[in-house]
Structure formats: structure tokens, C-alpha cells
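See structure below.
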Amino acid sequence: MEREELKNKIQKIFRDVFDNDEIVLTDSTCSDDIEEWDSLGHIQLIKAIEKELGVKLTAQEIRSWEDVGEMLDNLLKKQN
């Protein structure tokens, strides 16, 4: 899967989890940029990503993400 295709999938997941169709992700998007992205929302987001992409993420991987760009890089590695 190409990076842009993955970003579009992840953006749809963000919009569904946070019930906000106005979310537009960039590589620098972080939790401070999305009001609904709190600790509970983060857990729901991770579970939705794992289910949609068929991957299992470790706590270490998740904690290492500073922004959506790092999330995408990690997810691309897991899929290849």
C-alpha cells in the first residue's frame, strides 16, 4: 500500500472514531491538533487501526509516535 492511500484510510478512521468529518491529516498532525483525541480516544483509534489494517501494534511502537507521519511510517513498515 502506498503512503497516500494509507493516509486516506487512516484519515477515515480518525473521522469515524472522533465523529468529525472535518479532520484533515498531515504528517505533522498530533493529538494537540484534534480536540477529541484524548487518552480514551487514542485507545479507540489504535484498536480501529489494528482492526482495519489487520496489524498488531506494540505499546513501544505506539509510544514512539510523535505525530501522524511517524504513525504512517511505522504502519507502512508493518505492512511490507
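Numbers here are sequence positions counted from 1. The model shown is predicted, which means the values in this text are computed figures rather than measured ones.
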Over all atoms of both residues, closest heavy-atom pair of [X] and [Y]:
X	Y	value
Arg3	Gly69	NH2-O, 3.1 Å
Lys56	Lys78	O-CE, 3.0 Å
Gly41	Val17	O-CG1, 4.0 Å
Asp33	Ser28	OD2-O, 3.6 Å
Asn20	Glu36	ND2-OE2, 3.6 Å

Going by the side-chain contact (heavy atoms from CB on, under 4.5 Å) test, name the single residue among Leu25, Ile49, Ile62, Leu57 that passes it with Met71.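 Looking at Leu25, Ile49, Ile62, Leu57, the match for Met71 under the side-chain contact (heavy atoms from CB on, under 4.5 Å) is Ile49.
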
At what distance, to the nearest 0.5 angstrom, does [atom1] of [X] lie from [atom2] of [Y]?
X	Y	atom1	atom2	value
Gln11	Thr29	CD	OG1	8.5 Å
Asn74	Gln79	CG	CD	10.5 Å
Lys9	Leu75	NZ	CG	11.0 Å
Leu40	Gln44	CG	CD	4.5 Å
Lys7	Glu4	NZ	CD	4.5 Å
Ile10	Glu5	CD1	CD	11.0 Å

Answer yes if Ile43 and Trp65 sit in the same cluster of Ile, Leu, Val, Met, Phe, Trp and Tyr residues linked by side chain heavy atoms under 4.5 Å apart, and no otherwise.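 No, no single cluster joins them.
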
Are [X] and [Y] within salt-bridge range, i.e. N to O under 4.0 Å?
X	Y	value
Lys12	Asp21	no
Asp73	Lys77	no
Arg15	Glu22	no

Taking atom NZ of Lys47 as the centre, does the number of heavy atoms from other residues, nucleotides or ligands within less than 6.0 Å exceed 12?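 Result for NZ/Lys47: open.
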
Apply side chain to side chain contact (heavy atoms under 4.5 Å, CB included) to the pair Leu72 and Asp27, showing each step before the final yes or no. CA-CA 8 Å; Leu72 290 171; Asp27 281 357; 3.8 Å; yes

Under the 3.5 angstrom rule, does the side chain of Glu61 hit a backbone N or O of Thr58 as a donor-acceptor pair?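 Looks like yes, one N/O pair under 3.5 Å.
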
Using atom types as modelled and distance alone, determine if a side-chain donor or acceptor of Asp67 lies under 3.5 Å from a backbone N or O of Glu70.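 Checked: pair present.
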
Over 60° means perpendicular and under 30° means parallel, so tell me whether Trp37 and Phe18 are parallel, tilted or perpendicular.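 Trp37 vs Phe18 ring planes: tilted.
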
